[in-house]
Amino acid sequence: MPRMSMIEAIRDAMDVAMGRDDDVVVFGEDVGYFGGVFRCTQGLQQKYGKHRCFDTPISELGIVGTAIGMGAYGLKPCVEVQFADYVYPAYDQIVSEAARLRYRSNGQFTCPLVIRMPTGGGIFGGQTHSQSPEALFTHVAGLKTVVPSNPLDAKGLLIAAIEDPDPVIFLEPKRLYNGPFDGHHDRPVTAWSKHPLGEVPAGHYTVPLGKAEVRRAGADVTVLAYGTMVHVAEAAAADTGIDAEIVDLRTLVPYDLDTIAASVRKTGRCVVVHEATLTSGFGAELSALVQETCFYHLEAPVGRVAGWDTPYPHAQEWDYFPGPARVGRALAEAMEA
Amino acid sequence: MPRMSMIEAIRDAMDVAMGRDDDVVVFGEDVGYFGGVFRCTQGLQQKYGKHRCFDTPISELGIVGTAIGMGAYGLKPCVEVQFADYVYPAYDQIVSEAARLRYRSNGQFTCPLVIRMPTGGGIFGGQTHSQSPEALFTHVAGLKTVVPSNPLDAKGLLIAAIEDPDPVIFLEPKRLYNGPFDGHHDRPVTAWSKHPLGEVPAGHYTVPLGKAEVRRAGADVTVLAYGTMVHVAEAAAADTGIDAEIVDLRTLVPYDLDTIAASVRKTGRCVVVHEATLTSGFGAELSALVQETCFYHLEAPVGRVAGWDTPYPHAQEWDYFPGPARVGRALAEAMEA
Amino acid sequence: MTDAAPLRFHVPEPEFRPGDTPDFSQVAIPKAGSVRRPEVDADPEAIRDLAFSIIRVLNRNGEAVGPWAGLLSDEELATGLRDMMLLRTFDKRMLMAQRQGKTSFYMQHMGEEAVSAAFRKALMPGDMNFPTYRQAGLLIAGGYPMVEMMNQIYSNEADPLKGRQLPVLYSSRDYGFFSLSGNLGTQFVQAVGWAMASAIKGDSKIAVGWIGDGSTAESDFHAALVFASTYKAPVVLNIVNNQWAISTYQGIARGGSGTFAARGLGFGIPALRVDGNDYLAVHAVAKWAAERARRNLGPTLIEHVTYRVGAHSTSDDPSAYRPKAESDAWPLGDPVLRLKNHLIARELWSEERHKQAEAEILDTVIAAQKEAESHGTLHSGGRPSARDMFEGVFAEMPAHLRRQRQDAGV
Amino acid sequence: MTDAAPLRFHVPEPEFRPGDTPDFSQVAIPKAGSVRRPEVDADPEAIRDLAFSIIRVLNRNGEAVGPWAGLLSDEELATGLRDMMLLRTFDKRMLMAQRQGKTSFYMQHMGEEAVSAAFRKALMPGDMNFPTYRQAGLLIAGGYPMVEMMNQIYSNEADPLKGRQLPVLYSSRDYGFFSLSGNLGTQFVQAVGWAMASAIKGDSKIAVGWIGDGSTAESDFHAALVFASTYKAPVVLNIVNNQWAISTYQGIARGGSGTFAARGLGFGIPALRVDGNDYLAVHAVAKWAAERARRNLGPTLIEHVTYRVGAHSTSDDPSAYRPKAESDAWPLGDPVLRLKNHLIARELWSEERHKQAEAEILDTVIAAQKEAESHGTLHSGGRPSARDMFEGVFAEMPAHLRRQRQDAGV
Ligand SMILES: Cc1ncc(C[n+]2csc(CCOP(=O)(O)OP(=O)(O)O)c2C)c(N)n1
Ligand SMILES: Cc1ncc(C[n+]2csc(CCOP(=O)(O)OP(=O)(O)O)c2C)c(N)n1
Ligand SMILES: [Mg+2]
Ligand SMILES: [Mg+2]
């Protein structure tokens, strides 16, 4: 099986989708000739032509707004916002337009749009290259929100997202692009080529939207995580020796309540983890859902580990980033409670 | 004591603030000559001049963006976004700029800005005159978010917001502008002049940001609500006869955890209510907070009643709006659990 | 070198406010027929004067004159008149229905009927409009059934949008009318995207964007011009300058620029101003711009100069911010009257036939209204179900929404 | 009348890509001194040609010629040269520091030094710049201590921004330098708001907005022009056209318009293009525009024509998208060399003094660097505390943040 980094897997997903369907077009800032600042679209313009993969002016509003028009025409745009931190200029088009087009037109017009964005911290990117804005999308009816944690999923989820008839926010944890990252920033980085989830089948396959995956089975406590935090949670389990069951949500909305509830009912304890700021983060929804569905199984309060409620700092990156030590403490607390 | 509608109270707050401080300026779409589509700024241009209260082009980005520049200069802008549904074009300026200016400049530049917006449903306004986007602000570090439920609070909170040195999102439940609304849409409307909270002191006073108020003391179950839903909760308590303790949050961030926790520890049960869509709404944060702080006092899962996860419909307004019947059912469920 | 004088804050003001006597005699209105008609492939720089003039065809005597005249047959002209009369009657009836509580809200076109009704006739099947709420003439002139519009306005059981949308926020893919948004401006850049898609596919269909004078201040306007300019998108971008936003006159959005059309010049986009109350002029300019788009010559920006005679919407009362007589003083006249006079001048029409047509049209509209009302109105009779409210958020209903529908008991 | 040919999708391309031999001989560069200098209160329409030309002062022989020359004293010119040399040396050292891992990121100014260094000299105390990341010349020429800049770049214990910001995202209220954002464009409309505030208060200070060619596509650019135009704000709006965004050449943002300056014309805002590699020209145009603002004549849009010689940032490799030799072929030369030659031509300077100055400047920068490094660099030595991370989100720390700080154990 080919081994791919997450960048290669994402590129391959677009390649496969463009190869199968002429209506798939890819565009964004620097994605055409250059192939994207993270090189996720490298080679696509050469292969499919400038009319299927092209550079745009620096206007996230324009990128998403024109993509919505293209979707209404019948194309399937898969656009890149250079960093998730730069999605806000397009927020109105996403929330007021993409998310509601099918509903408000009673299906006459639809919006089969994918918005890819690098998300999350861990690269000393400061306030504007580190944010995790997923909760600003999960609150919006009509959007699906996906966060892969590895190359295998990334490719399958991205193909599924492109084939999905509705708008999908596709957040790519940039700290995972070149290798898994478990939050031990002081240890050498290993590449995806050494990781089983870096084995990525060639050609077409999908990972269905809305299905979580148990990444590590465990008896003691359920960890709900996605993206980079899946790896951090694994490290925390290893570091603490706590037998955590780690659920990789993969899709935040629609969420996979069956998998979540089954795990928590089994373990009786739950810790939710994300990089985004704590207050009103998606972790709040998960915590609320868990206690609504598993109240009588819970032996401890649902814990949350998240980014602090501050802008993402530069120098204090590792004080901010919810690493394995913090997650480990939360697991221990859940066990003690 | 003068009796005022919520519109009058809000107008009076701006009048008082402008009268005391020359640096307070008020602007937005139609707010100058005309006095705002809801008439909240009526008379201010006449009284304070065109340079202190003026009309703007239809650009929410421009309104908030220029206001941030004015705040950096040293003014205290209090701007209106015509409906909260139209705030998204300004979202980038709010999230990336207003919320982070103090932090990123280490206090060299600050953003003493108030953004007033009519929020919520109940007026057959359809998708774009009915939204409750508070959770899109509560997740953003650096913003305060306020939702008054009556004229007395509205005036005091708005003066406090204008005097606050940081950006405040001030959401005005438009269904409450002219009178309390308890969700019984089929009953005649009473005016604020008949309600004790329509008694509004003249002149300057503040209601502190970050302090909740117990609107109705009760022993059975705590209801956490804000804005219109405070009145709906009161109706639900009356309709069901359940002795609910109704906490009017008034400020969502910073939230008043002491008041919340004290009430839930007393009642052992909690229902959270808001108009906004359920998933990832601010109710999720409240539910998470309650179970984190009161886990061992809870006798039933924290319930949530909220808008459905659909765009706000026109014809089905009363199927969508979380009225007293739905809140009452949730209270009953909390009691049965 | 610097002036010691303190800075001053400048806020533009309309010339006339309630109580003033409006007088537009200073407004320069070029004579009908006086503005040249360049080739469609003219260099934008060479025709920049057209962004500061007004293309007009119908003169005071009801004659069609000049290089932009002569495109429409007698029958097409008669149809145009009928379309505008239909729209005006439709508006009247729906305004009344709103006042009777049969719906929550309405927005009329009074004075602006020619803009959308005439433009529509320059389009081909498959072209797509991205309209605002004040271009229902696109539907009427495109033959969309009035009863469907009414069903939408009434949010009744036959509402094609299932009660989900505010009245007048129509949608009809089949009639080239993109789903209306309540958010100003968003459609303008979407139109450009649709046009780009058509070009990407080597198709021949073009897109048409619509925006109000006030809404040109929104960001989407800029993005539309940037993308249209860069990719030479086959799109016609229309600004309907009806002199007012809500209470705000056009000078607040326009600022120091002479016209809205001038905005296009900063992007190398040919820009024309047209008499929006002149059915023939609008149609001729629309044809010209549509041909440019179809011939791969790229976008055109058109400013339609017109006047919003009625209130902004049923929630508005213009007497609070402008003189009552302002619309009478407005120098471009009534589009219906002007086309009527043209037809009479050409002896294709008469006062009697007009009266007769008015009566017939009223009957038609009333008949449609009766039919629509048989399906219910907002607060009585047949209505969309609460179940409909949960449908169509996604192609397939996700589990959490199914649970919510169940909770709702519907 | 319609053409049966299918539509085509047009994507602009730069003339030269890696492997090509760049040749800019077709680019029209007006002779130095050839563009007139209008009165500051000239009608924007009457000077629209200035948006399509390039104002230049220094000719090939190093002489200052034409109506825009003669504003700077010998001493000011020497200072100008020193400022630019300082900036260039600063850049070199910080680039090296970044490569040595002493910080995470850096952005240099190579080739664009004149733009911000010269502009700064046209401002008065109290005026406020709203810059992008490529105008550190405003700080250098304004006398801001280099060591403070370095402390910020190193995120060390003396960092005035407490480690919170990415390197080069400076902030200095006292030096008229608004807090830099990592989000492109946002500052442009804020500059207009600041200027409006100054006018509202009857103050005399003006604001200066800065934006890159690529970033003019952002919505903030439009909002800035709309509000500046409407309220005649006392603001100078600068577009730094350095030919490239990241990998995207300026034609992608500019589209069908001849220049970026032309954008201003659509708003009735006077627009000028200036040779951004000509210290004297930038300064003269800046003075002209600042005087307009101070005299209540409203905003001016300036396009600075320059070239980004270096990589976009330390994360970028331009050899992947443009010919290596392109910067050499760029016809406007090196701003440092051109001012140096001017001073030499006027016998105010010599090669020897230049070498000497280079050495002195390098010493100064190294001394500052040593001092800064004594306070730490990103990964070693003194650093801002984790406690600092929790401060300053609000004026007063709310309870939930206090709890979080406690959780963090700091
Ligand atoms: C984003 C947004 N902001 C504000 C509004 C409220 N609003 C509705 S119509 C209107 C005026 C629009 O004026 P104009 O663009 O001139 O269109 P007209 O009504 O004159 O056709 C305003 C401010 C809105 N619908 N959307
Ligand atoms: C809103 C936003 N979108 C995208 C980016 C990523 N980005 C950073 S710099 C840059 C290019 C800017 O080009 P230009 O405006 O020409 O400025 P220059 O770097 O040439 O000075 C891009 C796309 C960003 N910082 N902010
Ligand atoms: Mg208008
Ligand atoms: Mg550039």
Side-chain angles (χ1 to χ4, degrees), chain C residues 1-12 44-45 124 195-196 198-206 216-223 225-234 251-258 262-269 271 287 290-291 293-296 298-299, chain D residues 1-12 44-45 124 195-196 198-206 216-223 225-234 251-258 262-269 271 287 290-291 293-296 298-299:
Chain C
M1 95 144 226
T2 62
D3 199 320
L7 294 167
R8 286 185 310 272
F9 187 57
H10 168 78
V11 182
E45 268 300 299
M124 310 247 293
M196 286 166 70
S198 186
I200 285 169
K201 298 305 277 185
D203 198 346
S204 63
K205 302 184 201 108
I206 67 169
T216 59
E218 286 286 8
S219 305
D220 313 272
F221 178 77
H222 181 63
L225 265 61
V226 170
F227 279 64
S229 174
T230 293
Y231 302 109
K232 293 205 171 116
I252 289 284
R254 182 176 43 77
S257 159
R263 294 279 198 269
L265 300 178
F267 294 84
I269 296 177
K287 274 273 190 207
E291 194 185 336
R294 273 188 237 285
R295 284 183 40 190
N296 273 305
Chain D
M1 93 147 230
T2 61
D3 198 322
L7 294 166
R8 285 185 310 273
F9 187 55
H10 168 78
V11 182
E45 267 300 298
M124 311 250 290
M196 288 167 70
S198 186
I200 285 170
K201 298 304 277 187
D203 197 347
S204 63
K205 303 186 201 106
I206 66 169
T216 59
E218 286 285 8
S219 306
D220 313 272
F221 178 79
H222 181 64
L225 265 62
V226 170
F227 279 64
S229 174
T230 293
Y231 302 110
K232 293 204 170 109
I252 290 285
R254 182 177 42 79
S257 160
R263 294 279 199 269
L265 300 176
F267 294 84
I269 297 178
K287 274 274 192 207
E291 194 185 336
R294 272 189 238 285
R295 283 181 44 187
N296 274 305

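Throughout, protein chains are lettered first and strands after them, A, B, ... in sequence-line order, and every chain is numbered starting at 1. Just so you know, these numbers come straight off a predicted model, no measurement behind them.
- Contacts of C/F221 classified as ring-ring contact (aromatic ring centres under 6.0 Å, His included), with partners at least two apart in sequence or in another chain: C/F188, D/H222.
- Heavy-atom pairs under 4.5 Å with chain C peak, among D/P234, D/P44, D/G256, D/G251, at D/G256.
- The residue among D/V11, D/L265, D/D203 with the most heavy atom pairs within less than 4.5 Å of chain C is D/D203.
- Residues that satisfy the side chain to side chain donor-acceptor pair (under 3.5 Å) test with D/R254, not counting sequence neighbours, are D/Q250.
- Contact count against chain D (heavy-atom pairs under 4.5 Å) is highest for C/A199 among C/A199, C/A195, C/G255.
- One distance of note links OG1 of D/T230 with NE2 of C/H10; it measures 8.0 Å at 0.5 Å rounding.
- At a 4.5 Å heavy-atom cutoff, the contact between D/K205 and chain C is made by backbone atoms alone.
- Only the backbone of D/A293 comes within less than 4.5 Å of a heavy atom of chain C; no side-chain atom from C-beta onward does.
- The minimum heavy-atom distance between C/A217 and D/V226, with the atom names listed, is CB-CG1, 4.0 Å.
- Contacts of D/A253 with chain C are made by backbone atoms alone, with heavy-atom separations under 4.5 Å and no side-chain atom involved.
- Across every non-hydrogen atom of C/R263 and D/G266, the tightest pair is NH1-O, 2.8 Å.
- At least one donor-acceptor pair under 3.5 Å links the side chain of C/N296 to the backbone N or O of D/P6.
- For D/A223, no part lies under 4.5 angstrom from a heavy atom of chain C.
- Only the backbone of D/E218 has a heavy atom closer than 4.5 Å to any heavy atom of chain C.
- Looking at every heavy atom in both residues, C/S229 comes nearest to D/S257 through OG-N, 4.0 Å.
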